[in-house]
Protein chains: 2
Amino acid sequence: MEKKVTLKELAKQLNVSISTVSKALNDSPEISPQTRKKVKELADLNYYVPNVLAQNLKTSHTKTIGVIIPAILPHFFAEALHGIETKASELGYRIIICISNESIQKEAESIKTLINGQVDGLIMSLSKETQAKMDIDHIKTLFNHKVPLVLFDRVLDQISCDKIQINDSLQAELATMELYNSGCKKIAFFSGISNTSVSNERKQGYLAALKNLDIKEKVISFDPEKFPEKKLVGLISRKEIDSVLASDELGAILVMKSALDAGYKIPKDLSVIGFTNGTMSKHFRPSLSTVDQHAQDQGKLALETMVDRIEGKLSEKFSNYTLETSIIHRDSTRRNF
Amino acid sequence: MEKKVTLKELAKQLNVSISTVSKALNDSPEISPQTRKKVKELADLNYYVPNVLAQNLKTSHTKTIGVIIPAILPHFFAEALHGIETKASELGYRIIICISNESIQKEAESIKTLINGQVDGLIMSLSKETQAKMDIDHIKTLFNHKVPLVLFDRVLDQISCDKIQINDSLQAELATMELYNSGCKKIAFFSGISNTSVSNERKQGYLAALKNLDIKEKVISFDPEKFPEKKLVGLISRKEIDSVLASDELGAILVMKSALDAGYKIPKDLSVIGFTNGTMSKHFRPSLSTVDQHAQDQGKLALETMVDRIEGKLSEKFSNYTLETSIIHRDSTRRNF
DNA sequence: CTGAAAGCGCTTACAG
DNA sequence: CTGAAAGCGCTTACAG
């Protein structure tokens, strides 16, 4: 098999100049139809594909966008990534993805490998560590290199850039209200993802609702690896709680499992609402009522915003989108309202 | 904010040549320690990062690998992708991902956008359509462009390249045997992913086991969007089946749900084994016994193989890895064996 | 130890 | 309508 064919070789074979070949291939009106045809035929015959690296070097944009997310396994991120990829391929962009594994260091490394010209912009959802420590030095290097940034879902006020979010706090407040309206009076908040801005927002919303309702708060943070089963069961048996708002899907499922295993009925003895509408929510028995975060839409919007920014269609001022969300009512909550 | 700083500017500021700067930055022993230090300091000060595009153009390798998968939402692929990314970042490679959405056309487009020099090699898992139609013309263009290919999970014999698989047929056979040994005598095979090589392999394994056992086969293909609930319940109530091997996770979950909803007990009335060890398998009640496909390992091995191929560490002959898999016993099967 | 020069594969003003 | 030349930002033999 011969080497990859270049403009140079095509030019030699046709006895014309490289410029002519280049222009012909790009359908420049400068070139005569006959030459254009001749060039294209030979190019096809040789499976010629222009080297993007060289093209990019000239045009200095790459039509590829970097994506750094904390993980892909959680349904929310897989779904968001799906949205990003779909929109990207629609708009003719490629995506390079890096996973930070919730670590600030890995995040910084990924940024470093991506700001070297191979990417027109960066879409990120921040790692837990970055959010917790509010350490954003590594993010700032982006701006030193004039690489535009779009943040989605896990954002930070300190960073000024385009942002896509959902109104987590409001949604949590509404979800809490719904539990109340369906007859629940002792509502607990369970979080398996403390340390993230979203979990915090959701807690704030929960607390705000309780304040209005004049209900006592009960916030429980836990490590998903060791769910506090006994504690939950104790709370139910002592009738200290009759419902749970969980800040994430897995948390909600673990709450339901523990309650069911202990012999309680859902939603009769315990109502549950989760966040993130994943496959588990849909297929668990009973199915889980949940706040839909519209992960795909967040991803799509992030990508669109990025492209608009790159192509100069946005004003200097950064945009801050807050997506509408909705509560999906399923079988883990009562309907009497 | 100034323009991106280049070697040229650093050279000008230091009153040395571009070559010197380049060599200094690359720690060439040709350059005196003092100059090296001076250059590096200025580079840091200016946040200099070499333009990979230019580097690649010279060295003609990009240290990035393209990945084309049919989807990211199914747990298997998310997990495989996770493995690929992890290993890539370990070995200093970046990955560009494209999703074919199970379509041959999208697959072909993705290949086209990736073979233009921006990728050192391609890792793929084939779309259903590609596997069903055995249409591999678009794959062949890869070879015309001398881009190495590694196939994992969904492969095709007609394509000669490095391959990573699990022994689906054998695993299905073993899983069927296990159902038998645990006392099941009427074993059905449910597939929500017909049209894929893996589903077919698994069916073959199932059939092979039944043949040995002299049991009558019962194969049911269905569209995951409309699971044949009545049919399943009918089969159970008429005692025509006492167990199910499902070719995928969602299929297994749907089988369990339908049976449970109809009032049957698992595993007492119906034993179930699935494929793909996802979160649903783990958290469903009862938890699902399943064949672990070691998705992450497949991903990691695919990436490693790719890198070895690129770096010339592999012999001309293509390798064909078959990974060991294992059955994870949980609560959807009986233990009396 | 330092630098001038060629070249990676392309694009694009500028001449002719 | 066609081509020579410069340049994108780097690397690397080759001279000095």
Side-chain angles (χ1 to χ4, degrees), chain A residues 2-40 42-43 46-64 113 115-120 145-147, chain B residues 2-40 42-43 46-64 113 115-120 145-147:
Chain A
E2 342 86 83
K3 273 212 50 144
K4 242 175 182 171
V5 45
T6 65
L7 286 189
K8 204 179 177 182
E9 272 139 73
L10 295 180
K12 198 163 73 183
Q13 286 193 46
L14 288 169
N15 246 313
V16 295
S17 76
I18 295 179
S19 336
T20 304
V21 177
S22 171
K23 286 174 192 161
L25 255 18
N26 290 317
D27 270 324
S28 157
E30 284 183 39
I31 304 296
S32 75
Q34 303 92 291
T35 323
R36 246 187 281 176
K37 187 155 168 267
K38 223 171 50 184
V39 171
K40 284 189 180 172
L42 188 72
N46 287 283
Y47 304 106
Y48 171 76
V49 186
N51 182 320
V52 257
L53 258 36
Q55 280 180 326
N56 296 343
L57 193 55
K58 278 304 282 186
T59 59
S60 75
H61 60 246
T62 62
K63 284 254 177 184
T64 112
T113 77
I115 49 168
N116 45 20
Q118 74 183 322
V119 131
D120 292 342
H145 288 273
K146 324 193 350 168
V147 177
Chain B
E2 345 84 80
K3 270 214 49 141
K4 239 173 183 174
V5 44
T6 64
L7 285 189
K8 203 179 177 180
E9 271 138 74
L10 295 181
K12 198 162 72 184
Q13 287 193 44
L14 288 169
N15 247 314
V16 295
S17 76
I18 296 181
S19 335
T20 304
V21 178
S22 170
K23 286 174 193 161
L25 255 18
N26 290 317
D27 270 324
S28 157
E30 285 185 38
I31 305 297
S32 74
Q34 305 91 291
T35 323
R36 250 187 281 176
K37 186 152 169 270
K38 223 172 49 185
V39 171
K40 285 190 179 171
L42 188 71
N46 287 282
Y47 304 106
Y48 172 77
V49 186
N51 181 320
V52 256
L53 257 37
Q55 281 181 326
N56 295 343
L57 195 55
K58 278 304 283 185
T59 57
S60 73
H61 59 247
T62 63
K63 285 253 179 186
T64 111
T113 76
I115 50 169
N116 45 20
Q118 74 183 321
V119 131
D120 291 344
H145 289 272
K146 322 191 356 168
V147 177

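Small disclaimer: the values here were computed from a predicted structure and weren't measured. Here is the naming used below: chain letters follow the sequence lines, and residue numbers restart at 1 for every chain. Note: hydrogens, waters and symmetry copies are ignored here, and every other heavy atom, side chains too, is used.
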Checking contacts here: which listed nucleotide (dT2(D), dT12(D), dT11(D)) is nearest the side-chain heavy atoms of Ser19(B)? dT12(D)
Whole-Å distance between dT12(C) P and Ile31(A) CD1? 13 Å
To the nearest angstrom, the CD-C1' distance between Gln55(A) and dG7(D) comes to 16 Å
Check: Thr113(A) main-chain N/O paired with Asn116(A) side-chain donor or acceptor under 3.5 Å: yes
Ile18(B) CD1 to dG7(D) P, straight-line distance once rounded to whole Å: 12 Å
Output yes when a side-chain donor or acceptor of His145(B) lies under 3.5 Å from a complementary backbone atom of Val49(A), and no otherwise. no
Which of these, Arg36(A), Glu30(A), Gln34(A), sits in a side chain to side chain contact (heavy atoms under 4.5 Å, CB included) with Ser32(A)? Gln34(A)
What's the closest nucleotide to the Thr20(A) side chain, out of dT2(D), dC10(D), dA5(D)? dT2(D)
note: Leu10(A), atom CG; dC10(C), atom P; distance rounded to Å ~ 8 Å
OP1 or OP2 of dG9(D) less than 4.0 angstrom from a side-chain nitrogen or oxygen of Tyr48(B), does that happen here? no
Return the nearest nucleotide to the side chain of Asn26(A); candidates are dT11(D), dT11(C), dC10(C). dT11(C)
What is the separation between atom CG on Leu53(B) and atom P on dG7(D), rounded to the nearest whole Å? 20 Å
With a 4.0 Å cutoff (strictly under), does any side-chain N or O of Ser17(B) reach OP1 or OP2 of dG3(C)? yes
What's the shortest heavy-atom distance between Asn56(B) and His61(B), and which atoms? OD1-O, 3.1 Å
Considering only dG3(D), dG9(C), dT2(D), which nucleotide approaches the side chain of Thr35(A) most closely? dT2(D)
Could you check how far NZ of Lys8(A) sits from P of dC10(C), rounded to whole Å? 11 Å
So what does Ser22(A) hit on the nucleic acid, given a heavy-atom distance under 4.0 Å: a base, only sugar-phosphate, or nothing? base
Among dT11(C), dC1(C), dC14(C), the one nearest Lys23(A) by side-chain distance: dC14(C)
Base, sugar-phosphate or nothing for Val52(B)? Non-hydrogen atoms, less than 4.0 Å. nothing
Between C1' on dT2(C) and CZ on Arg36(B), what's the gap in Å once rounded to a whole number? 13 Å
Sugar-phosphate only, base, or nothing, as touched by Asn56(B) at under 4.0 Å among non-hydrogen atoms: nothing
Pairing partner of dT2(D), by Watson-Crick or G-U wobble and under 3.5 Å for both distances, is dA15(C)
Leu57(B) or Glu30(B): which one's nearest nucleotide on DNA chain D is closer to the 5' end? Leu57(B)
Checking dC1(C), dT12(C), dT11(D) against the side chain of Leu7(B) (C-beta onward), the nearest is dT11(D)
For Asp120(A) and Thr62(A), indicate whether the former's side chain and the latter's backbone hold a donor-acceptor pair under 3.5 Å. yes
Is there a donor-acceptor contact under 3.5 Å linking the side chains of Ser22(A) and Ser19(A)? no
Please state how far atom NZ in Lys58(A) lies from atom C1' in dC8(D), giving the value in whole angstrom units. 5 Å
